[in-house]
Protein chains: 2
Amino acid sequence: MSKDLKEMEVLRQHLAKHQLKLTRQRELILTAFLRQEHVTAEVMYHQLAKKDPHLGLATIYRTLNLFCEAGIAQARHFGSQAQYDNISHKGHHDHLICTGCGTIVEFENCEIERLQEEVATKNGFVIQTHRLELYGLCSRCRH
Amino acid sequence: MSKDLKEMEVLRQHLAKHQLKLTRQRELILTAFLRQEHVTAEVMYHQLAKKDPHLGLATIYRTLNLFCEAGIAQARHFGSQAQYDNISHKGHHDHLICTGCGTIVEFENCEIERLQEEVATKNGFVIQTHRLELYGLCSRCRH
DNA sequence: TATCATCTTGAGACGGCTTATCAATTTCAA
DNA sequence: TTGAAATTGATAAGCCGTCTCAAGATGATA
Ligand SMILES: [Mn+2]
Ligand SMILES: [Mn+2]
Ligand SMILES: [Zn+2]
Ligand SMILES: [Zn+2]
């Protein structure tokens, strides 16, 4: 998969720039991470237990945070657990969350993004990041 | 202050409807809460320690959550601690947060709100609440 | 106004999530 | 190959918010 190789290269560059090392665990976690849209550290922990039963939860957290710094992942705090989004494949996006069943729908809306910039400019701000989450009931849960 | 009285009335109605009681603590916390745009439970705890050194932190949390149910406050989760916004005076609003100095600017943008509804409808959702936070640098912090 | 079922409070225990600690291990530049 | 530096895994610690429960307050009722 050439995409995985691309991300691996991004990681490699980030590691080199910060005197960090490429470890077996980091490779393993990256590969698994790139297969999903968004995960929690806990979920990855259980997924990866099959491939490496000794991989520690702390390492998962550390590595996902590293991915955020490298620009491969983006952390969000839904409810109680942090969700790590794969932004390298899909780019920036926001979320609709069903409060009934927990379903998460990703969306992108350029017009909203543009208006956000407008609001920021009007207030003298330059936006670095933003978070937009819409909570509600999906069609199935409205019955 | 007629405004405080108005909110007190909203609270009174909510309490009546749910078989809850109006206590000295709830009055005290409401009065203090209405003087600010947004606070954390911990901050209120310290502010109110002067007026009532025995007021418990759990009571502050319980009461702020009660205000949310009554429609007087709105909770958000900035960073690690929950912020409780006074929405009774200002109505619904979103936030611009300076990552440099921590300044919070409140704003309202009907067009964005409308587009949010549009996105939700397109995906079969009915929105209950939403959260929009723009993080960036204010003009002062850009130097 | 007195009664008393019900609600509320305060103090601290508890729990979930994430980070810190640290000795043992691994990486990688030299 | 060597060794300084980074990383790991196990687990302790920390933080925030809720839960627990006995003591106290409230307010509908008589
Ligand atoms: Mn967005
Ligand atoms: Mn809004
Ligand atoms: Zn649903
Ligand atoms: Zn600033």
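Letters A, B, ... are given to chains in the order of the sequence lines, protein chains preceding strands, and every chain is numbered from 1.
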Novice: Verify the neighbour count for atom CZ of A:R76: are there more than 12 heavy atoms of other residues, nucleotides or ligands below 6.0 Å?
Specialist: yes
Novice: Please check: side-chain N/O of B:D52 versus main-chain N/O of B:L48, any donor-acceptor pairing under 3.5 Å?
Specialist: no
Novice: Which of these nucleotides, D:dG17, D:dT7, C:dT18, is closest to any side-chain atom of B:Q81?
Specialist: D:dG17
Novice: Counting only heavy atoms from other residues, nucleotides and ligands, does the tally under 6.0 Å from CZ of B:R142 exceed 12?
Specialist: yes
Novice: Report the distance from atom CD1 of B:I60 to atom C1' of C:dA11, rounded to the nearest whole Å.
Specialist: 14 Å
Novice: Take the C1' atoms of the five end pairs on each side of the helix from C:dT1-D:dA30 to C:dA30-D:dT1, derive the two axes, and give their angle rounded to 10 degrees.
Specialist: 30°
Novice: Within the 4.0 Å heavy-atom criterion, would you say B:A82 contacts the bases, only the backbone, or no part of the nucleic acid?
Specialist: sugar-phosphate
Novice: Could you please name the option among D:dG9, C:dT9, C:dT8 that lies closest to any side-chain atom of B:Q25?
Specialist: C:dT9
Novice: Should the pair A:R131-A:D94 be classified as a salt bridge under the 4.0 Å nitrogen-to-oxygen rule?
Specialist: no
Novice: The side chain of A:Y61 lies closest to which of these nucleotides: D:dG17, C:dT18, D:dT7?
Specialist: C:dT18
Novice: Using a heavy-atom cut-off of under 4.0 Å over every strand shown, decide if A:E42 touches base, sugar-phosphate, or nothing.
Specialist: nothing
Novice: Does A:T121 reach the main-chain N or O of A:E117 with its side chain, forming a donor-acceptor pair under 3.5 Å?
Specialist: yes
Novice: Round to the nearest Å and state the distance from B:H54 atom NE2 to D:dA23 atom C1'.
Specialist: 15 Å
Novice: Ring centres under 6.0 Å, that's the criterion: do A:F67 and A:Y84 meet it?
Specialist: no
Novice: Produce the list of close N/O pairs, under 3.5 Å, pairing protein atoms with atoms of nucleotides 13-15 of chain C; give distances to one decimal.
Specialist:
none

Novice: Rounded to the nearest angstrom, tell me the gap between atom NZ in A:K17 and atom P in D:dA6.
Specialist: 18 Å
Novice: Which residue, A:L57 or B:A58, contacts DNA chain C at a nucleotide closer to its 5' end, judged by nearest heavy atom?
Specialist: B:A58
Novice: Starting at the 5' end of DNA chain C and moving along, which residue's nearest nucleotide shows up first, A:Q83 or B:D52?
Specialist: B:D52
Novice: Is there a donor-acceptor contact under 3.5 Å from the side chain of B:Q19 to the main chain of B:L15?
Specialist: no
Novice: Using a cut-off of strictly less than 4.0 Å, decide whether B:T59 has a side-chain nitrogen or oxygen near OP1 or OP2 of C:dG10.
Specialist: yes
Novice: In whole Å, I'd like the distance from the CZ atom of A:R24 to the P atom of C:dT25.
Specialist: 14 Å
Novice: In plain terms, say whether B:R12 and B:E9 are close enough for a salt bridge, that is, a side-chain N and a carboxylate O under 4.0 Å apart.
Specialist: yes
Novice: Report the nucleotide, chosen from D:dA10, C:dC7, C:dT19, that has the shortest atom-to-atom distance to any side-chain atom of B:K21.
Specialist: C:dC7
Novice: Which residues satisfy the salt bridge (Lys or Arg N to Asp or Glu O under 4.0 Å) test with B:R114, sequence neighbours excluded?
Specialist: B:E111, B:E118
Novice: So, does A:N65 get its side chain near the phosphate of C:dT19, meaning an N or O under 4.0 Å from OP1 or OP2?
Specialist: yes
Novice: Mind checking the NE2-CD spacing from B:H130 to B:E113? Nearest 0.5 Å is all I need.
Specialist: 4.0 Å
Novice: Between C:dC17 atom P and A:Y84 atom OH, what is the distance in whole Å?
Specialist: 13 Å
Novice: Just how far, in rounded Å, is C1' of C:dC17 from OH of A:Y45?
Specialist: 14 Å
Novice: For B:T23 and for B:A41, locate the closest nucleotide of DNA chain D by heavy-atom distance; then report the residue assigned to the nucleotide nearer the 5' terminus.
Specialist: B:A41
Novice: In sequence, state the C-alpha distance, the side-chain angles, and the governing distance for A:L11 and A:L30, and then conclude on side chain to side chain contact (heavy atoms under 4.5 Å, CB included).
Specialist: CA-CA 9 Å; A:L11 178 61; A:L30 179 58; 3.9 Å; yes
Novice: Given atom CG of A:L64 and atom P of D:dT8, what is their separation to the nearest angstrom?
Specialist: 12 Å
Novice: Roughly, in whole Å, what's the span from NE2 in A:H18 to P in C:dA29?
Specialist: 16 Å
Novice: Check every atom of C:dT19, D:dG17, C:dT9 against the side chain of B:H77 and return the nucleotide holding the closest atom.
Specialist: D:dG17
Novice: From the options C:dT27, C:dT8, C:dC28, select the nucleotide whose nearest atom is closest to the side chain of A:L22.
Specialist: C:dC28
Novice: Would you mind telling me which of D:dT7, C:dC17, D:dT18 lies closest to the side-chain atoms of A:R26?
Specialist: D:dT7
Novice: Is a donor-acceptor contact shorter than 3.5 angstrom present between the side chain of B:R62 and the base of C:dG10?
Specialist: yes
